[in-house]
Amino acid sequence: QVQLVESGGGLVQAGGSLRLSCAASGGTFSRYVMGWFRQAPGKEREFVGAISWSGASTYYADSVKGRFTISRDNAKNTVYLQMNRLKPDDTAVYYCAAAGRIATGRFPYEYDYWGQGTQVTVSS
């Protein structure tokens, strides 16, 4: 059983930056693909990005490509989401998730474990 805990959310002005962290425990972190998703009020949970178990490959939604960067530190059992040039449309609860095996990595059902989420609010 893997436990995931996100941190780093908060309130930021448009154009600003935040870095989210997701600390994992209870499993072999380096064996999991890690994903980031977000969910705004009244909307479905949507894919933000994912990173392979080694960190060599990353994938992003078109809406965040070029602004967000995912990285991981397997020695620290932590995955990060660096968010730059934030927009009000980025406001959502952000979740990290772990998957032992994925097809695309873009759908919530592919992930086995989820964190509780952290709120990101971008003011205009």
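Being a predicted model, the structure only gives us computed values, none of them experimental.
- From Arg72, atom CZ reaches atom SG of Cys96 across 11.0 Å, with rounding to the nearest 0.5 Å.
- Donor-acceptor pairing under 3.5 Å is lacking for the side chains of Gln82 and Ser71.
- Atom CD in Glu44 sits 8.5 Å away from atom CD in Gln39 (nearest 0.5 Å).
- Here Phe107 is tied into one hydrophobic group with Tyr109, each link being a pair of ILVMFWY side chains closer than 4.5 Å.
- A cation-pi arrangement is absent between Arg106 and Tyr59, since the terminal nitrogen or guanidinium carbon is not both under 6.0 Å from the aromatic centre and inside a 45° cone about the axis.
- In the hydrophobic clustering (ILVMFWY side chains linked at under 4.5 Å, chained through shared members), Val5 stands by itself.
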Residues Gln119, Thr91; criterion side chain to side chain contact (heavy atoms under 4.5 Å, CB included); working and verdict: CA-CA 8 Å; Gln119 177 71 47; Thr91 295; 4.0 Å; yes
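- Under the 4.5 angstrom side-chain criterion for Ile, Leu, Val, Met, Phe, Trp and Tyr, the cluster partners of Leu4 are Val2, Val12, Leu18, Leu20, Phe29, Tyr32, Met34, Trp36, Val48, Ile51, Tyr60, Val64, Phe68, Ile70, Val79, Leu81, Met83, Leu86, Tyr94, Tyr113, Val120, Val122.
- In Trp53, the CH2 atom is not crowded: 12 or fewer heavy atoms of neighbouring residues, nucleotides or ligands sit closer than 6.0 Å.
- Not one N or O on the side chain of Gln13 forms a donor-acceptor pair closer than 3.5 Å with the backbone of Ser123.
- Atoms SG and CG, from Cys22 and Asn77 in turn, are 10.0 Å apart once rounded to the nearest 0.5 Å.
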Side chain to side chain contact (heavy atoms under 4.5 Å, CB included) between Ser21 and Lys76, worked out: CA-CA 11 Å; Ser21 299; Lys76 295 183 178 180; over 6 Å; no
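- A salt bridge does not link Lys87 to Asp90: none of the charged side-chain nitrogens sits closer than 4.0 Å to a carboxylate oxygen.
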